[in-house]
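Down below is the structure, laid out as structure tokens.
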Amino acid sequence: MDLKALRLIIPLTLFVAYKGVGCSSVQQKIYVQLNKTFPCVRLLNATHQIGCQSSVSGDTGVLHVLETETDLDWVLSSGPNPPYVVLMVAEHFNRSTMMKLKGSARVAGVAVVISKAGPAQGFSPHHSCPNQNSGVYSDSYGPELAGCNVTVWNPLGNSLSYEDFRFPIFSLHEGEEADVIRKCFLDHNRGVNGSDPAYPLCAMQLASHMYAVKDTATCMRRNDIQSRFSISPEFVCDALADYNVWSSLKPLNNSGKGHLDGESVVIAATRLDSRSFFWNEAPGGESAVGGFVTLLAAAQALRAVVEDHPPSQNILFTFFQGETFDYIGSSRMVYDMENGKFVIDLDNIHSLVEIGQVALHRNGQLWLHSDPVSRRNSSVRSEVEKLISNMKSTALNLSLSVAEPDVSQPLPPSSFQRFLRARPIPGVVLTDHMSAFSNRYYESLYDDAEYLNVSYPSGLSPEEQLEYVTDTAKTLAEVATLVARSLYKQAGGLDDHLSSINADPKIVTQMLYGFLVQSNNSWFRSLVSPDIVKNLGPQPPQYYVGVPTSGDPVKMPTWLVQYVLANFTGTLRNLTQTQCKNPEDLEGESKDLYSYFWVQGPVPPNSTQGEGYCVRAPVRLVKAHSPAFELHQYSSRDYSTWTESRWKQIQARIFLVASRDLEMLTLGVGVAVLLVSLVVTYFINSKADLLFSSSRETTSTAY
Ligand SMILES: *[C@@H]1O[C@H](CO)[C@@H](O)[C@H](O)[C@H]1NC(C)=O
Ligand SMILES: *[C@@H]1O[C@H](CO)[C@@H](O)[C@H](O)[C@H]1NC(C)=O
Ligand SMILES: *[C@@H]1O[C@H](CO)[C@@H](O)[C@H](O)[C@H]1NC(C)=O
Ligand SMILES: *[C@@H]1O[C@H](CO)[C@@H](O)[C@H](O)[C@H]1NC(C)=O
Ligand SMILES: *[C@@H]1O[C@H](CO)[C@@H](O)[C@H](O)[C@H]1NC(C)=O
Ligand SMILES: *[C@@H]1O[C@H](CO)[C@@H](O)[C@H](O)[C@H]1NC(C)=O
Ligand SMILES: *[C@@H]1O[C@H](CO)[C@@H](O)[C@H](O)[C@H]1NC(C)=O
Ligand SMILES: *[C@@H]1O[C@H](CO)[C@@H](O)[C@H](O)[C@H]1NC(C)=O
Ligand SMILES: *[C@@H]1O[C@H](CO)[C@@H](O)[C@H](O)[C@H]1NC(C)=O
Ligand SMILES: *[C@@H]1O[C@H](CO)[C@@H](O)[C@H](O)[C@H]1NC(C)=O
Ligand SMILES: *[C@@H]1O[C@H](CO)[C@@H](O)[C@H](O)[C@H]1NC(C)=O
Ligand SMILES: *[C@@H]1O[C@H](CO)[C@@H](O)[C@H](O)[C@H]1NC(C)=O
């Protein structure tokens, strides 16, 4: 019996010793959490899912830095330790490389290091024909113009943002964290003298597990089941949505909806949103900010004349959200106008002027696009021609020139197309491109302040930068003057007053600073309500439309545009904070006609807080939520169906892994030890009478 026990105990100690060896490499698993990464997430529409996804607990692979063609071979075929997580600089992040990685089972994820300036040849992960299925051109409307048949608007677009990747893709900016990862790779994953690298190896784990699958109809069905049968429903996806901002020269009664008798309105429209491949990274410089800053500056410029010499018609300024995703904002406004749920209806619209991408014009050359199909109608044609000649003559007194592209060319992607889907309305889209976009970074990370030359001489403090008038601000102010004067004329204003309508380059430069460089600046702080001030950051806002959350019911760009517009079109009221909240009973005040905003006001020197005052302005937020969701038509072809998946956890980290063999051995040893200890326990138990006869008796007597 002694011998038997010995036979068991000797291998047991050996196993434990062996496990100790395994332990030393396991201990090296030091995790480094990466804190400044941005994931690519899954979005869904009526028919597809796009974006990225990891397994529930994250995907792990040995890190490999992609620098040359050989590295790509290493990852795809020759490397001995798959799966790999590929770290690449942004120059390699193109369609051909990504599709090769997508097709390989040896890839567990990709991390892209973003540099400050974009690739010189341009980069756009968007479609080459943006929103082609949701615009006006289709089999029933100008079929010969549909699908970018005449002009490919975004020829650099490689559609990467619309691919469905089965592995996670993260981005991080060039800097400390990228260096930490590179060092881990250099220290551990390069073989000495051409030999294979030896364990332990540097590995990366990316976690971005997405709950929604397949398409919007599927995820909405799951949401529906959850909300019906679960006490604490766990939704899997949410519709992309936010708010449009609108304002008007003369206030419109917001309680009265539908047709307004005798009202004829000129609509001045632009878009508020943008996107990139990565979630909530969307600087939107040329694609959104240039246009809406121009329209805001135009609204401000009109202030000088409208009080004393109002034009005969009203002007409605509108800023659409979610346009990037099949025109969410404009399709909703048109839907509301058709259904008597907006302050005016389609019959009230006289004409429409849309500001597209305007910040990258060459030598002041701008283009007026119109729709060749509606122009076949003689009454529409004459209105469009009048509008165009108005704008051309207005430009004569400015350092700009305005021209029309070939009249057989269709409209570029624009909100105006959604109005034309409803009926032929005379209108134009003002842009800086005759045919293909001037923008070489459309809907990408590089469409930022730097690309628009919004940069400052070195050594300026943030406050000095805020006031510094850049050349970009000067030229955009010219464009804004053109827009303001054209709108005034279009709305029936007299030529005599045109010369007093001038956009202020100083205000334009402040807006460019706040919207593209840093939203936390003294000017923005003075314009917004005190509870929004704390959400202003040292970076610019991101222009991805996203989904509304309880903590973030309205997106920052929407808030900011609302408050800037309130400052530009509103007036100060001598009201207390409580009166400002509820001015209904006060003489001369009306919530039907105005919104009332309590804003922080300028902060006097030697003080931490502004006085606070009340601004009254005809500015409103209205839902930019696709009608497809109101109508429960999740497979709609007429309205945007884009949803964003919810996710479990977004996380990226690096650590060292022991070899798989070693890990298996460690596991095997663990199992063996368990089995052995079970046997030993059984053995000891069964022979307990013999082994512990005395002690057992004492314990039993203790009872
Ligand atoms: C990320 O944050 C955690 C906790 O704050 C910190 O321990 C870790 O070092 C950070 N990672 C990097 C790469 O700085
Ligand atoms: C959904 O998105 C995919 C990818 O961009 C596109 O091919 C498809 O046409 C879209 N479906 C609809 C109904 O728009
Ligand atoms: C894509 O990147 C690879 C390097 O990863 C490069 O060799 C290739 O030329 C690039 N392709 C294009 C179309 O730019
Ligand atoms: C594109 O337009 C040309 C005429 O401009 C026409 O012949 C051709 O059929 C069109 N293609 C499509 C796919 O509609
Ligand atoms: C690598 O090769 C060099 C010369 O080829 C040699 O001096 C060095 O010792 C080698 N290193 C290892 C770790 O084998
Ligand atoms: C606005 O319209 C509502 C409903 O039509 C009406 O009751 C209200 O008096 C109007 N307000 C003003 C200020 O005209
Ligand atoms: C930005 O500056 C560069 C170099 O000075 C110039 O070539 C480019 O046209 C400028 N872009 C804009 C939008 O002003
Ligand atoms: C032109 O469009 C208007 C509506 O905008 C319509 O009333 C008119 O009948 C159309 N004319 C022709 C010739 O189609
Ligand atoms: C240009 O400006 C001059 C002086 O301000 C004015 O008299 C003239 O009418 C303007 N011309 C146009 C086309 O606006
Ligand atoms: C607009 O902002 C400026 C600067 O903060 C301020 O002086 C002015 O009173 C504001 N006007 C309104 C109507 O809010
Ligand atoms: C503002 O209102 C208060 C009382 O409501 C009054 O005492 C004060 O003089 C007013 N200020 C101005 C500038 O009208
Ligand atoms: C602000 O404070 C400084 C010193 O604390 C003082 O010299 C200055 O006069 C103050 N300015 C104002 C406007 O009170």
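Read the numbers this way: they start at 1 and go in the same order the structure lists the ligands and their atoms. Just so it is clear, the model here is predicted, and its values are computed rather than measured.
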Item to check | Gln33 neighbourhood, listing ligand 1 atoms whose heavy-atom distance to it stays under 4.0 Å | outcome: 1 (C), 10 (C), 11 (N), 12 (C), 13 (C)
Checklist entry - Exactly which residues line ligand 2, taking a heavy atom under 4.0 Å from it as the test? => result Asn45, Ala46, Thr47, His48, His127, Asn133, Tyr162, Arg637, Trp642
Next on the checklist: Any nitrogen or oxygen of Trp523 lying under 3.5 Å from a nitrogen or oxygen in ligand 10? Just yes or no.
Outcome noted: no
Checklist entry - For ligand 10, which atoms have a heavy atom of Gly570 less than 4.0 angstrom away? => result 13 (C)
Checklist outcome for this item: A student checking ligand 10 against Asn567 at a 4.0 Å heavy-atom cut-off should list atoms 1 (C), 2 (O), 3 (C), 8 (C), 10 (C), 11 (N), 12 (C), 13 (C), 14 (O)
Checklist entry - Do Ser115 and Glu174 get their side chains close enough for a donor-acceptor pair, meaning under 3.5 Å? => result no
Checklist entry - How does Val615 reach ligand 10, by side chain, by backbone, by both or by neither, if only non-hydrogen atoms under 4.0 Å count? => result side chain
Next on the checklist: Suppose we screen for salt bridge (charged side-chain N to carboxylate O under 4.0 Å, His left out). Which residues come up paired with Asp592, at least two apart in sequence or across chains?
Outcome noted: none
Item to check | Leu527, portion touching ligand 10 at heavy-atom distance under 4.0 Å | outcome: side chain
Item to check | Residues forming a salt bridge (charged side-chain N to carboxylate O under 4.0 Å, His left out) with Arg418, sequence neighbours excluded | outcome: none
Checklist entry - Any nitrogen or oxygen of Glu176, main chain or side chain, under 3.5 Å from a nitrogen or oxygen of ligand 1? => result no
Checklist entry - Between the side chains of Tyr335 and Glu630, is a donor N or O closer than 3.5 angstrom to an acceptor N or O? => result no
Checklist entry - With His127, which of Tyr162, Trp153, Phe325 fulfils ring-ring contact (aromatic ring centres under 6.0 Å, His included)? => result Tyr162
Checklist outcome for this item: By salt bridge (charged side-chain N to carboxylate O under 4.0 Å, His left out), Arg221 pairs with (sequence neighbours left out) none
Checklist outcome for this item: Per side chain to side chain contact (heavy atoms under 4.5 Å, CB included), Leu206 is matched among Thr60, Val85, Asp59 by Val85
Checklist entry - Which atoms from ligand 10 have a heavy atom of Ser526 less than 4.0 Å away? => result 5 (O)
Next on the checklist: Under 3.5 Å, is there a donor on one side chain and an acceptor on the other for Arg637 and Asn133?
Outcome noted: no
Checklist entry - Do the side-chain N and O atoms of Gln33 and Gln651 include a donor-acceptor pair separated by under 3.5 angstrom? => result yes
Checklist entry - Does the side chain of Thr216 pick up a donor-acceptor pair with the side chain of Thr641 at under 3.5 Å? => result no
